[in-house]
Amino acid sequence: MTKFYLTTTLPYVNAAPHIGHALEFFQADAIIRFYRKQLGVENVFFNVGTDEHGLKIYEKALAENQTPKEYADFYAAKWQEFCKLFNINYDNFYRTTDPAHYKAAQAFWKACDAKGDIYKKKYEGLYCVGCEEFKTEKDLVDGKCPLHNTVPIQYSEENYFFKLSKYKEELLDIYAKNKDKLKPSSKYDELINFIKNIEDISISRLKKNLPWGIPVPGDDAQVMYVWFDALTNYANAVGYSTDEEKFKQWWPVTQIFGPDNLRFQCAIWQGMLLSAGLEPSKKFLCHGTILGPDGRKMSKTIGNVVSPFDQLEKFGYEAVRFYMLSELPTYGDAAYLEPDLKASFNSKLADNFGNLLNRVIHLANKKEASINNADLVEPEFKKEVENRKSKIENLYTDFDIKLACDEIFQLAEYGNKYIQDNAPWSEKDSDKVQKVLNNLSYLISTVIDLYEPIIPTSCENARNALKNNETIILFKKFE
RNA sequence: CGCGGGGUAGAGCAGUGGUAGCUCGUCAGGCUCAUAACCUGAAGGUCAUCCGUUCGAAUCGGAUCCCCGCAACCA
(Lines give C-alpha, C1' and ligand atoms only; values in the text may rest on other atoms or scores of the structure.)
Protein backbone atom coordinates (compact mmCIF):
# COMPACT_ATOMS: atom_id res chain seq x y z
CA MET A 1 0.00 0.00 0.00
CA THR A 2 1.18 3.49 -0.81
CA LYS A 3 2.04 5.58 2.19
CA PHE A 4 2.03 9.33 2.32
CA TYR A 5 3.99 11.30 4.86
CA LEU A 6 3.71 15.07 5.02
CA THR A 7 5.30 17.56 7.36
CA THR A 8 5.16 21.29 7.89
CA THR A 9 8.25 23.09 9.08
CA LEU A 10 8.54 23.33 12.82
CA PRO A 11 7.90 26.92 13.81
CA TYR A 12 10.45 28.46 16.13
CA VAL A 13 8.75 29.04 19.47
CA ASN A 14 9.70 32.63 20.05
CA ALA A 15 6.48 34.23 18.96
CA ALA A 16 2.78 33.68 18.62
CA PRO A 17 1.43 32.07 15.45
CA HIS A 18 0.66 34.49 12.66
CA ILE A 19 -1.40 34.36 9.50
CA GLY A 20 1.44 32.93 7.42
CA HIS A 21 1.67 29.93 9.69
CA ALA A 22 -2.05 29.53 9.29
CA LEU A 23 -1.55 29.28 5.54
CA GLU A 24 1.08 26.58 5.84
CA PHE A 25 -0.96 24.59 8.32
CA PHE A 26 -4.14 24.94 6.25
CA GLN A 27 -2.44 23.77 3.10
CA ALA A 28 -0.84 20.84 4.83
CA ASP A 29 -4.05 19.89 6.58
CA ALA A 30 -6.07 20.09 3.37
CA ILE A 31 -3.57 17.92 1.52
CA ILE A 32 -3.47 15.40 4.31
CA ARG A 33 -7.25 15.20 4.54
CA PHE A 34 -7.41 14.55 0.83
CA TYR A 35 -4.85 11.77 1.09
CA ARG A 36 -6.58 10.23 4.09
CA LYS A 37 -9.61 9.87 1.87
CA GLN A 38 -7.62 8.48 -1.03
CA LEU A 39 -5.34 6.11 0.82
CA GLY A 40 -7.09 5.53 4.13
CA VAL A 41 -6.19 7.07 7.46
CA GLU A 42 -3.72 4.33 8.30
CA ASN A 43 -1.67 5.16 5.23
CA VAL A 44 -1.04 8.84 5.84
CA PHE A 45 1.06 10.53 8.48
CA PHE A 46 0.97 14.22 9.24
CA ASN A 47 3.73 15.74 11.32
CA VAL A 48 3.79 19.21 12.85
CA GLY A 49 5.63 20.54 15.88
CA THR A 50 7.83 23.18 17.40
CA ASP A 51 11.52 24.02 17.20
CA GLU A 52 12.64 24.89 20.71
CA HIS A 53 16.41 25.27 20.99
CA GLY A 54 18.87 27.99 20.15
CA LEU A 55 20.30 31.20 21.45
CA LYS A 56 17.27 33.31 20.67
CA ILE A 57 15.04 31.19 22.84
CA TYR A 58 17.66 30.98 25.55
CA GLU A 59 17.95 34.73 25.73
CA LYS A 60 14.24 35.36 25.59
CA ALA A 61 13.60 32.90 28.37
CA LEU A 62 16.23 34.55 30.57
CA ALA A 63 14.74 37.93 29.85
CA GLU A 64 11.39 36.67 31.05
CA ASN A 65 12.86 35.01 34.13
CA GLN A 66 12.01 31.54 32.94
CA THR A 67 13.99 28.46 32.21
CA PRO A 68 14.22 27.82 28.49
CA LYS A 69 12.16 24.71 28.97
CA GLU A 70 9.36 26.61 30.71
CA TYR A 71 9.42 29.15 27.97
CA ALA A 72 9.27 26.45 25.31
CA ASP A 73 6.47 24.63 27.10
CA PHE A 74 4.39 27.76 27.16
CA TYR A 75 4.75 28.34 23.44
CA ALA A 76 4.38 24.73 22.45
CA ALA A 77 1.04 24.72 24.26
CA LYS A 78 0.09 27.83 22.34
CA TRP A 79 0.83 26.12 19.09
CA GLN A 80 -1.19 23.11 20.04
CA GLU A 81 -4.04 25.40 20.90
CA PHE A 82 -3.63 27.07 17.53
CA CYS A 83 -3.95 23.73 15.77
CA LYS A 84 -7.05 22.93 17.75
CA LEU A 85 -8.71 26.25 17.01
CA PHE A 86 -8.06 25.89 13.29
CA ASN A 87 -8.91 22.19 13.19
CA ILE A 88 -5.43 21.11 12.11
CA ASN A 89 -5.71 17.38 12.36
CA TYR A 90 -2.12 16.25 12.83
CA ASP A 91 -0.95 12.74 13.63
CA ASN A 92 2.08 13.83 15.54
CA PHE A 93 3.10 16.97 17.35
CA TYR A 94 6.87 16.97 17.46
CA ARG A 95 8.79 18.88 20.09
CA THR A 96 12.53 19.22 19.80
CA THR A 97 12.86 19.29 23.58
CA ASP A 98 11.40 15.82 23.83
CA PRO A 99 14.01 13.42 25.29
CA ALA A 100 13.39 11.02 22.41
CA HIS A 101 14.40 13.78 20.03
CA TYR A 102 17.71 14.21 21.85
CA LYS A 103 18.56 10.59 21.24
CA ALA A 104 17.43 10.57 17.66
CA ALA A 105 19.23 13.80 16.80
CA GLN A 106 22.38 12.37 18.36
CA ALA A 107 21.96 9.19 16.37
CA PHE A 108 21.68 11.28 13.24
CA TRP A 109 24.82 13.16 14.19
CA LYS A 110 26.68 9.90 14.74
CA ALA A 111 25.59 8.64 11.34
CA CYS A 112 27.03 11.72 9.66
CA ASP A 113 30.13 11.47 11.80
CA ALA A 114 30.62 7.80 10.91
CA LYS A 115 30.53 8.83 7.29
CA GLY A 116 33.47 11.16 8.00
CA ASP A 117 31.40 14.22 7.31
CA ILE A 118 31.87 15.99 10.59
CA TYR A 119 35.12 17.67 11.48
CA LYS A 120 36.34 20.15 14.04
CA LYS A 121 37.58 23.53 12.98
CA LYS A 122 38.65 26.60 14.81
CA TYR A 123 36.41 29.37 13.80
CA GLU A 124 36.84 33.01 14.44
CA GLY A 125 33.87 34.85 13.35
CA LEU A 126 31.06 37.18 13.83
CA TYR A 127 27.90 35.55 14.97
CA CYS A 128 24.50 37.08 14.44
CA VAL A 129 22.05 35.84 17.05
CA GLY A 130 19.12 36.92 14.92
CA CYS A 131 20.22 34.70 12.08
CA GLU A 132 21.71 32.04 14.33
CA GLU A 133 24.49 32.11 11.82
CA PHE A 134 28.10 33.16 11.38
CA LYS A 135 28.70 36.15 9.18
CA THR A 136 31.65 37.14 7.09
CA GLU A 137 32.86 40.72 6.84
CA LYS A 138 31.35 41.07 3.42
CA ASP A 139 27.95 40.00 4.73
CA LEU A 140 27.97 43.02 6.98
CA VAL A 141 26.94 46.56 6.29
CA ASP A 142 28.64 49.14 8.51
CA GLY A 143 29.70 46.30 10.78
CA LYS A 144 26.10 45.25 11.30
CA CYS A 145 24.08 42.33 10.10
CA PRO A 146 21.97 43.75 7.28
CA LEU A 147 19.13 41.41 8.15
CA HIS A 148 18.88 42.31 11.77
CA ASN A 149 20.66 45.64 11.97
CA THR A 150 22.64 44.45 14.94
CA VAL A 151 26.33 44.16 15.59
CA PRO A 152 27.30 40.49 15.52
CA ILE A 153 29.03 38.94 18.48
CA GLN A 154 32.71 38.20 18.08
CA TYR A 155 33.17 34.50 18.54
CA SER A 156 36.31 32.54 18.57
CA GLU A 157 35.35 28.94 18.87
CA GLU A 158 36.36 25.57 17.84
CA ASN A 159 33.20 24.08 16.37
CA TYR A 160 32.12 21.06 14.48
CA PHE A 161 31.50 21.45 10.80
CA PHE A 162 29.44 19.44 8.42
CA LYS A 163 30.90 18.67 5.00
CA LEU A 164 27.96 19.95 3.07
CA SER A 165 30.14 20.87 0.10
CA LYS A 166 30.92 17.20 -0.36
CA TYR A 167 27.34 16.65 -1.49
CA LYS A 168 27.14 19.54 -3.90
CA GLU A 169 27.36 17.47 -7.06
CA GLU A 170 25.05 14.82 -5.76
CA LEU A 171 22.45 17.42 -4.85
CA LEU A 172 22.71 19.09 -8.23
CA ASP A 173 22.32 15.72 -9.84
CA ILE A 174 19.23 14.90 -7.82
CA TYR A 175 17.54 18.12 -8.84
CA ALA A 176 18.63 17.84 -12.44
CA LYS A 177 16.99 14.45 -12.63
CA ASN A 178 13.86 15.46 -10.71
CA LYS A 179 12.87 18.89 -11.84
CA ASP A 180 9.38 18.42 -10.49
CA LYS A 181 10.64 17.68 -6.99
CA LEU A 182 10.17 21.30 -6.06
CA LYS A 183 6.94 23.23 -6.49
CA PRO A 184 6.66 25.88 -7.82
CA SER A 185 9.19 25.47 -10.60
CA SER A 186 9.97 29.19 -10.45
CA LYS A 187 12.01 28.51 -7.32
CA TYR A 188 14.14 25.94 -9.05
CA ASP A 189 16.80 28.28 -10.42
CA GLU A 190 17.15 30.04 -7.12
CA LEU A 191 17.78 26.73 -5.40
CA ILE A 192 20.30 25.51 -7.96
CA ASN A 193 22.11 28.81 -7.64
CA PHE A 194 22.37 28.35 -3.93
CA ILE A 195 23.60 24.78 -4.15
CA LYS A 196 26.29 25.76 -6.64
CA ASN A 197 27.79 28.06 -4.02
CA ILE A 198 27.27 25.77 -1.09
CA GLU A 199 29.89 25.60 1.67
CA ASP A 200 30.48 23.50 4.75
CA ILE A 201 28.42 24.65 7.67
CA SER A 202 29.10 25.00 11.35
CA ILE A 203 26.84 22.66 13.26
CA SER A 204 27.76 23.12 16.90
CA ARG A 205 28.21 25.79 19.54
CA LEU A 206 30.22 25.93 22.71
CA LYS A 207 28.06 24.85 25.57
CA LYS A 208 29.45 27.49 27.90
CA ASN A 209 28.11 30.17 25.57
CA LEU A 210 24.90 28.41 24.83
CA PRO A 211 23.71 25.74 27.25
CA TRP A 212 20.32 25.43 25.54
CA GLY A 213 20.87 22.71 23.00
CA ILE A 214 21.42 19.03 22.44
CA PRO A 215 24.83 17.74 23.58
CA VAL A 216 27.17 16.69 20.81
CA PRO A 217 27.82 12.96 21.15
CA GLY A 218 31.18 12.40 22.77
CA ASP A 219 31.90 16.05 23.45
CA ASP A 220 30.29 17.59 26.50
CA ALA A 221 31.71 20.97 25.75
CA GLN A 222 29.55 21.40 22.66
CA VAL A 223 25.88 21.47 21.77
CA MET A 224 24.34 21.06 18.35
CA TYR A 225 23.49 24.07 16.31
CA VAL A 226 19.71 24.47 16.48
CA TRP A 227 19.14 24.01 12.79
CA PHE A 228 20.96 20.71 12.78
CA ASP A 229 18.94 19.21 15.57
CA ALA A 230 15.65 20.64 14.38
CA LEU A 231 15.92 19.38 10.82
CA THR A 232 16.40 15.81 11.93
CA ASN A 233 12.86 15.84 13.31
CA TYR A 234 11.37 14.97 9.94
CA ALA A 235 13.19 11.65 10.00
CA ASN A 236 12.87 11.07 13.71
CA ALA A 237 9.13 11.60 13.66
CA VAL A 238 8.68 8.38 11.73
CA GLY A 239 11.12 6.26 13.66
CA TYR A 240 14.61 7.09 12.44
CA SER A 241 17.14 5.26 14.64
CA THR A 242 14.42 3.80 16.87
CA ASP A 243 12.03 1.89 14.66
CA GLU A 244 13.49 0.85 11.36
CA GLU A 245 10.35 -0.89 10.16
CA LYS A 246 8.28 2.16 10.74
CA PHE A 247 10.82 4.41 9.13
CA LYS A 248 10.98 2.27 6.03
CA GLN A 249 7.24 2.44 5.68
CA TRP A 250 6.97 6.20 5.77
CA TRP A 251 10.16 7.60 4.37
CA PRO A 252 10.68 9.69 2.23
CA VAL A 253 8.79 12.72 3.43
CA THR A 254 6.92 15.40 1.51
CA GLN A 255 7.62 18.84 2.94
CA ILE A 256 5.75 22.09 2.93
CA PHE A 257 7.40 25.36 3.91
CA GLY A 258 7.72 29.07 3.22
CA PRO A 259 10.11 30.78 0.84
CA ASP A 260 12.70 31.57 3.51
CA ASN A 261 13.11 27.88 4.22
CA LEU A 262 14.01 26.90 0.69
CA ARG A 263 17.74 26.54 1.22
CA PHE A 264 17.47 24.88 4.59
CA GLN A 265 14.99 22.25 3.52
CA CYS A 266 16.07 21.67 -0.06
CA ALA A 267 19.81 21.98 0.28
CA ILE A 268 21.21 21.68 3.81
CA TRP A 269 18.75 19.12 5.07
CA GLN A 270 19.08 17.09 1.89
CA GLY A 271 22.85 17.07 2.30
CA MET A 272 22.41 15.80 5.82
CA LEU A 273 20.15 13.04 4.57
CA LEU A 274 22.66 11.96 1.97
CA SER A 275 25.35 11.88 4.60
CA ALA A 276 23.23 9.78 6.93
CA GLY A 277 22.57 7.41 4.06
CA LEU A 278 18.88 8.24 3.80
CA GLU A 279 16.79 8.89 0.76
CA PRO A 280 16.21 12.58 -0.04
CA SER A 281 12.79 14.06 0.61
CA LYS A 282 10.17 13.12 -1.94
CA LYS A 283 8.70 16.48 -2.74
CA PHE A 284 8.86 20.11 -1.66
CA LEU A 285 6.00 22.55 -1.65
CA CYS A 286 7.08 26.11 -1.20
CA HIS A 287 4.12 28.35 -0.53
CA GLY A 288 4.02 32.11 -0.89
CA THR A 289 3.96 34.98 1.53
CA ILE A 290 0.77 36.52 2.80
CA LEU A 291 1.01 40.25 2.39
CA GLY A 292 -0.94 42.93 4.21
CA PRO A 293 -4.11 44.40 2.69
CA ASP A 294 -1.95 47.09 1.12
CA GLY A 295 0.03 44.49 -0.82
CA ARG A 296 3.13 44.99 1.27
CA LYS A 297 4.76 42.66 3.67
CA MET A 298 3.09 42.63 7.04
CA SER A 299 4.81 44.81 9.55
CA LYS A 300 3.90 46.11 12.94
CA THR A 301 5.43 49.45 12.08
CA ILE A 302 3.21 49.91 9.05
CA GLY A 303 0.36 48.40 11.00
CA ASN A 304 -0.88 46.05 8.28
CA VAL A 305 -0.57 42.85 10.27
CA VAL A 306 -3.45 40.41 10.03
CA SER A 307 -3.86 38.21 13.09
CA PRO A 308 -5.17 34.70 12.57
CA PHE A 309 -6.93 34.86 15.93
CA ASP A 310 -8.75 38.05 15.03
CA GLN A 311 -9.78 36.55 11.74
CA LEU A 312 -10.98 33.44 13.46
CA GLU A 313 -13.11 35.49 15.79
CA LYS A 314 -14.50 37.60 13.00
CA PHE A 315 -15.25 34.97 10.40
CA GLY A 316 -14.84 31.53 11.90
CA TYR A 317 -12.09 29.15 11.00
CA GLU A 318 -13.69 27.78 7.85
CA ALA A 319 -14.21 31.11 6.14
CA VAL A 320 -10.60 32.03 6.82
CA ARG A 321 -9.43 28.66 5.68
CA PHE A 322 -11.60 28.66 2.57
CA TYR A 323 -10.39 32.09 1.60
CA MET A 324 -6.73 31.28 2.03
CA LEU A 325 -6.94 27.95 0.23
CA SER A 326 -9.35 28.71 -2.58
CA GLU A 327 -8.84 32.37 -3.25
CA LEU A 328 -5.16 33.02 -2.66
CA PRO A 329 -2.62 31.50 -5.02
CA THR A 330 -1.21 28.29 -3.59
CA TYR A 331 2.38 29.08 -4.46
CA GLY A 332 2.57 32.84 -4.90
CA ASP A 333 2.52 35.89 -2.68
CA ALA A 334 -0.83 37.48 -2.13
CA ALA A 335 -2.48 40.27 -0.21
CA TYR A 336 -4.95 39.36 2.50
CA LEU A 337 -8.15 41.22 1.75
CA GLU A 338 -11.17 40.89 4.02
CA PRO A 339 -13.64 42.10 1.40
CA ASP A 340 -12.42 39.30 -0.85
CA LEU A 341 -12.78 36.83 1.97
CA LYS A 342 -16.40 37.79 2.44
CA ALA A 343 -17.14 37.95 -1.26
CA SER A 344 -15.73 34.54 -2.00
CA PHE A 345 -17.46 32.97 0.97
CA ASN A 346 -20.80 34.52 0.06
CA SER A 347 -20.75 33.72 -3.60
CA LYS A 348 -18.87 30.44 -3.75
CA LEU A 349 -20.07 28.79 -0.61
CA ALA A 350 -23.39 30.38 0.36
CA ASP A 351 -24.88 31.25 -3.03
CA ASN A 352 -23.38 28.52 -5.11
CA PHE A 353 -22.87 25.42 -3.01
CA GLY A 354 -25.02 26.02 0.09
CA ASN A 355 -27.94 27.33 -1.87
CA LEU A 356 -27.82 24.41 -4.30
CA LEU A 357 -27.95 21.98 -1.42
CA ASN A 358 -30.84 23.82 0.10
CA ARG A 359 -32.95 24.07 -3.05
CA VAL A 360 -32.46 20.42 -3.94
CA ILE A 361 -33.54 19.22 -0.52
CA HIS A 362 -36.43 21.65 -0.49
CA LEU A 363 -37.64 20.39 -3.84
CA ALA A 364 -37.16 16.78 -2.93
CA ASN A 365 -39.29 17.24 0.17
CA LYS A 366 -41.90 19.26 -1.64
CA LYS A 367 -42.17 16.87 -4.56
CA GLU A 368 -41.79 13.82 -2.37
CA ALA A 369 -38.94 12.62 -4.50
CA SER A 370 -36.52 10.14 -3.04
CA ILE A 371 -32.90 11.07 -3.53
CA ASN A 372 -29.44 9.80 -2.58
CA ASN A 373 -29.65 6.70 -4.70
CA ALA A 374 -26.32 6.46 -6.46
CA ASP A 375 -27.38 3.44 -8.52
CA LEU A 376 -30.20 5.32 -10.19
CA VAL A 377 -28.11 8.25 -11.34
CA GLU A 378 -28.39 8.64 -15.09
CA PRO A 379 -25.23 7.36 -16.77
CA GLU A 380 -24.54 10.46 -18.78
CA PHE A 381 -24.91 12.72 -15.79
CA LYS A 382 -22.81 10.43 -13.69
CA LYS A 383 -20.09 10.41 -16.30
CA GLU A 384 -19.97 14.18 -16.38
CA VAL A 385 -19.66 14.35 -12.61
CA GLU A 386 -17.05 11.60 -12.50
CA ASN A 387 -14.94 13.27 -15.17
CA ARG A 388 -14.87 16.48 -13.24
CA LYS A 389 -14.19 14.63 -10.05
CA SER A 390 -11.16 12.86 -11.38
CA LYS A 391 -9.82 16.10 -12.78
CA ILE A 392 -10.14 17.66 -9.34
CA GLU A 393 -8.52 14.69 -7.67
CA ASN A 394 -5.58 15.06 -10.00
CA LEU A 395 -5.21 18.67 -9.01
CA TYR A 396 -5.22 17.71 -5.35
CA THR A 397 -2.68 15.02 -6.03
CA ASP A 398 -0.44 17.63 -7.63
CA PHE A 399 -0.96 19.88 -4.59
CA ASP A 400 -2.69 22.53 -6.68
CA ILE A 401 -5.19 23.34 -4.00
CA LYS A 402 -6.51 26.57 -5.40
CA LEU A 403 -7.02 25.13 -8.84
CA ALA A 404 -8.85 22.19 -7.31
CA CYS A 405 -11.13 24.60 -5.46
CA ASP A 406 -11.85 26.47 -8.67
CA GLU A 407 -12.97 23.24 -10.29
CA ILE A 408 -15.11 22.19 -7.35
CA PHE A 409 -16.84 25.53 -7.60
CA GLN A 410 -17.42 24.87 -11.30
CA LEU A 411 -18.91 21.51 -10.48
CA ALA A 412 -21.43 23.06 -8.09
CA GLU A 413 -22.15 25.68 -10.71
CA TYR A 414 -22.83 22.90 -13.17
CA GLY A 415 -25.41 21.63 -10.71
CA ASN A 416 -27.11 25.01 -10.62
CA LYS A 417 -27.20 25.15 -14.41
CA TYR A 418 -28.59 21.65 -14.56
CA ILE A 419 -31.41 22.34 -12.14
CA GLN A 420 -32.23 25.55 -13.99
CA ASP A 421 -32.33 23.81 -17.36
CA ASN A 422 -34.49 20.98 -16.10
CA ALA A 423 -36.72 23.12 -13.88
CA PRO A 424 -38.03 20.31 -11.69
CA TRP A 425 -40.26 22.83 -9.84
CA SER A 426 -42.52 23.15 -12.88
CA GLU A 427 -42.12 19.61 -14.14
CA LYS A 428 -45.31 17.49 -14.08
CA ASP A 429 -43.74 14.13 -14.77
CA SER A 430 -42.83 12.86 -11.32
CA ASP A 431 -40.39 10.28 -12.70
CA LYS A 432 -38.46 13.02 -14.37
CA VAL A 433 -38.47 15.12 -11.21
CA GLN A 434 -37.20 12.17 -9.29
CA LYS A 435 -34.39 11.56 -11.74
CA VAL A 436 -33.27 15.16 -11.86
CA LEU A 437 -33.20 15.54 -8.10
CA ASN A 438 -31.52 12.23 -7.58
CA ASN A 439 -28.86 13.18 -10.11
CA LEU A 440 -28.34 16.40 -8.22
CA SER A 441 -28.05 14.68 -4.89
CA TYR A 442 -25.27 12.64 -6.42
CA LEU A 443 -23.52 15.75 -7.66
CA ILE A 444 -23.86 17.42 -4.29
CA SER A 445 -22.45 14.47 -2.41
CA THR A 446 -19.49 14.54 -4.78
CA VAL A 447 -18.99 18.24 -4.09
CA ILE A 448 -19.15 17.52 -0.38
CA ASP A 449 -16.45 14.88 -0.68
CA LEU A 450 -14.24 17.15 -2.72
CA TYR A 451 -14.66 20.18 -0.48
CA GLU A 452 -14.10 18.21 2.68
CA PRO A 453 -10.32 18.74 2.81
CA ILE A 454 -10.95 22.48 2.65
CA ILE A 455 -13.99 22.94 4.90
CA PRO A 456 -14.37 19.73 6.90
CA THR A 457 -16.98 20.86 9.42
CA SER A 458 -19.42 22.27 6.91
CA CYS A 459 -19.05 19.24 4.73
CA GLU A 460 -20.00 16.98 7.55
CA ASN A 461 -23.05 19.14 8.22
CA ALA A 462 -23.93 19.10 4.56
CA ARG A 463 -23.64 15.36 4.37
CA ASN A 464 -25.97 14.90 7.33
CA ALA A 465 -28.48 17.34 5.93
CA LEU A 466 -28.50 15.59 2.59
CA LYS A 467 -28.85 12.19 4.18
CA ASN A 468 -31.76 13.27 6.36
CA ASN A 469 -33.43 15.56 3.83
CA GLU A 470 -33.05 18.49 6.19
CA THR A 471 -33.17 21.92 4.70
CA ILE A 472 -30.42 23.96 6.28
CA ILE A 473 -28.62 27.23 5.80
CA LEU A 474 -25.19 25.71 5.51
CA PHE A 475 -23.32 28.98 5.10
CA LYS A 476 -24.64 32.17 6.55
CA LYS A 477 -23.61 35.07 4.40
CA PHE A 478 -21.46 37.89 5.67
CA GLU A 479 -22.73 41.45 5.56
C1' C B 1 25.92 45.76 -12.19
C1' G B 2 24.14 42.48 -4.32
C1' C B 3 19.95 38.51 -4.34
C1' G B 4 14.97 37.26 -5.45
C1' G B 5 9.58 37.76 -6.87
C1' G B 6 6.22 40.35 -9.95
C1' G B 7 3.68 43.80 -13.84
C1' U B 8 -2.73 39.75 -17.94
C1' A B 9 -10.29 43.31 -18.12
C1' G B 10 -12.57 47.99 -12.31
C1' A B 11 -10.53 44.30 -8.18
C1' G B 12 -8.17 39.45 -7.06
C1' C B 13 -5.89 35.72 -9.88
C1' A B 14 -5.16 31.21 -13.89
C1' G B 15 -2.65 30.64 -18.10
C1' U B 16 5.53 28.42 -19.76
C1' G B 17 4.65 28.58 -28.33
C1' G B 18 -1.00 27.84 -31.68
C1' U B 19 -7.80 31.87 -32.33
C1' A B 20 -6.83 35.80 -24.47
C1' G B 21 -9.43 32.61 -19.36
C1' C B 22 -11.70 32.19 -14.06
C1' U B 23 -14.12 34.48 -9.74
C1' C B 24 -16.03 39.00 -7.90
C1' G B 25 -18.00 43.66 -9.62
C1' U B 26 -21.03 46.36 -13.64
C1' C B 27 -25.23 46.45 -17.39
C1' A B 28 -29.51 43.97 -19.81
C1' G B 29 -32.88 39.87 -19.93
C1' G B 30 -35.00 35.22 -17.87
C1' C B 31 -36.62 32.01 -13.85
C1' U B 32 -39.17 31.70 -9.13
C1' C B 33 -37.52 25.58 -6.11
C1' A B 34 -33.87 28.29 -3.00
C1' U B 35 -29.76 31.90 1.68
C1' A B 36 -32.99 39.07 -2.65
C1' A B 37 -30.31 33.16 -4.11
C1' C B 38 -30.20 30.63 -9.57
C1' C B 39 -29.74 30.80 -15.23
C1' U B 40 -28.67 33.47 -20.02
C1' G B 41 -26.42 37.37 -22.65
C1' A B 42 -23.36 41.88 -22.92
C1' A B 43 -19.69 45.58 -22.00
C1' G B 44 -14.61 45.66 -20.48
C1' G B 45 -7.65 43.67 -21.95
C1' U B 46 -2.81 46.49 -28.14
C1' C B 47 -1.24 40.28 -21.71
C1' A B 48 4.15 47.21 -18.51
C1' U B 49 7.30 49.28 -22.89
C1' C B 50 10.72 48.48 -26.98
C1' C B 51 13.66 45.07 -29.92
C1' G B 52 14.57 40.10 -31.34
C1' U B 53 13.83 34.41 -32.25
C1' U B 54 9.66 31.82 -34.71
C1' C B 55 5.00 30.15 -39.75
C1' G B 56 3.07 31.66 -34.95
C1' A B 57 4.84 34.71 -28.22
C1' A B 58 1.22 36.64 -22.48
C1' U B 59 4.34 32.25 -22.97
C1' C B 60 11.47 31.96 -25.38
C1' G B 61 15.96 35.76 -25.60
C1' G B 62 17.78 40.91 -24.89
C1' A B 63 17.07 45.98 -23.21
C1' U B 64 14.17 49.65 -20.53
C1' C B 65 10.50 51.43 -16.91
C1' C B 66 7.67 50.48 -12.52
C1' C B 67 6.09 47.69 -7.92
C1' C B 68 7.39 44.36 -3.95
C1' G B 69 10.58 41.24 -0.42
C1' C B 70 15.69 40.54 1.55
C1' A B 71 15.61 45.60 9.78
C1' A B 72 12.47 43.93 14.00
C1' C B 73 7.70 39.86 14.71
C1' C B 74 8.31 35.93 10.77
C1' A B 75 6.17 31.41 6.39
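Here is how names work: the chains are called A, B, and so on, in the same order as the sequence lines, proteins then strands, and each is numbered from 1.
Residues satisfying the side chain to side chain donor-acceptor pair (under 3.5 Å) criterion with Tyr234(A), sequence neighbours excluded, are Gln265(A). A search for side chain to side chain donor-acceptor pair (under 3.5 Å) contacts involving Thr9(A) returns Glu24(A), not counting sequence neighbours. Qualifying side chain to side chain donor-acceptor pair (under 3.5 Å) partners for Tyr167(A), counting only residues two or more places apart in sequence or in other chains: Asp117(A).
Atom CG in Leu363(A) sits about 7 Å away from atom P in A34(B), given to the nearest Å. The distance between atom CZ of Phe409(A) and atom P of A14(B), rounded to the nearest whole Å, is 17 Å.
For Lys382(A) and Tyr442(A), the positive end sits near the middle of the six-membered ring, less than 6.0 Å away and at most 45° from its axis.
Rounded to the nearest Å, the gap between the C1' atom of U53(B) and that of G2(B) is 31 Å.
Here Glu413(A) lies in heavy-atom contact (under 4.0 Å) with sugar-phosphate atoms only. Residue-level contact check: Gly258(A) touches the backbone only, with heavy atoms under 4.0 Å from sugar-phosphate atoms and none from bases. Within the 4.0 angstrom heavy-atom criterion, base atoms lie near Ser299(A). Thr289(A) comes within 4.0 angstrom of a nucleotide base, judged by non-hydrogen atoms across all strands. Lys417(A) comes within 4.0 angstrom of the backbone, heavy atoms only, and of no base.
Here Asp51(A) does not pair with Arg95(A) in a salt bridge; the nearest charged N to carboxylate O distance is not below 4.0 Å. Ion pairing of Lys417(A) with Glu413(A) is present here, as a side-chain N (NZ or NE/NH1/NH2) and a carboxylate O approach within less than 4.0 Å. Ionic pairing of Asp29(A) and Arg321(A) is present here: one or more N-O contacts between side-chain nitrogen and carboxylate oxygen are shorter than 4.0 angstrom. Between Arg33(A) and Glu452(A) there is no salt bridge, since none of the side-chain N atoms of the basic residue sits less than 4.0 Å from a carboxylate O of the acidic one.
Residue whose closest nucleotide on RNA chain B sits further toward the 5' end, between Ile419(A) and His21(A): Ile419(A). Taking for each of His287(A) and Asn358(A) the nucleotide of RNA chain B with the nearest heavy atom, the 5'-most of the two is the partner of Asn358(A).
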Close N or O pairs between protein and nucleotides 3-13 of chain B (under 3.5 Å):
none

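Among C33(B), U35(B), C73(B), the nucleotide with an atom closest to any side-chain atom of Lys56(A) is C73(B). Ranking C73(B), U35(B), C22(B) by closeness to the Gln410(A) side chain, first place goes to C22(B). When distances are taken from the side chain of Gln420(A) to each of C24(B), U35(B), C31(B), the shortest belongs to C31(B). Taking every side-chain heavy atom of His362(A) into account, A34(B) is the closest of C73(B), C22(B), A34(B). Comparing C73(B), C39(B), A37(B) against the side chain of Asn416(A) picks out C39(B) as the nearest.
For Asn355(A) against A34(B), a side-chain N or O and a base N or O form a donor-acceptor pair under 3.5 Å. Between the side chain of Ser185(A) and the base of U16(B) there is at least one donor-acceptor pair of N/O atoms closer than 3.5 Å.
At A37(B), one or more side-chain N or O atoms of Lys477(A) fall inside 4.0 Å of OP1 or OP2 (strictly under the cut-off). An OP1 or OP2 oxygen of G69(B) is reached within less than 4.0 angstrom by a side-chain nitrogen or oxygen of Arg296(A).
For Lys183(A), the NZ atom counts as densely surrounded, since its 6.0 Å shell holds more than 12 non-hydrogen atoms of other residues, nucleotides or ligands. In this structure, Glu64(A) places its CD atom where more than 12 heavy-atom neighbours from other residues, nucleotides or ligands lie under 6.0 Å away.
Under the 6.0 Å cut-off for aromatic ring centres, Phe478(A) and Phe315(A) qualify, their centroids lying closer than that. Taking the ring centroids of His287(A) and Phe257(A), they lie at or beyond the 6.0 Å cut-off.
Test Phe45(A), Tyr35(A), Tyr396(A) against Phe4(A) for ring pair (Phe, Tyr, Trp, His ring centres under 6.0 Å) and you get one pass: Tyr35(A).
Near RNA chain B, meaning a heavy atom under 4.0 Å from it, residues 25-33 of chain A has no residue at all.
Secondary-structure stems of RNA chain B, taken as three or more successive Watson-Crick or G-U wobble pairs (i with j, i+1 with j-1) under a 3.5 Å distance threshold, comprise B:2-7 with B:65-70, B:10-13 with B:21-24, B:26-30 with B:38-42, B:48-52 with B:60-64.
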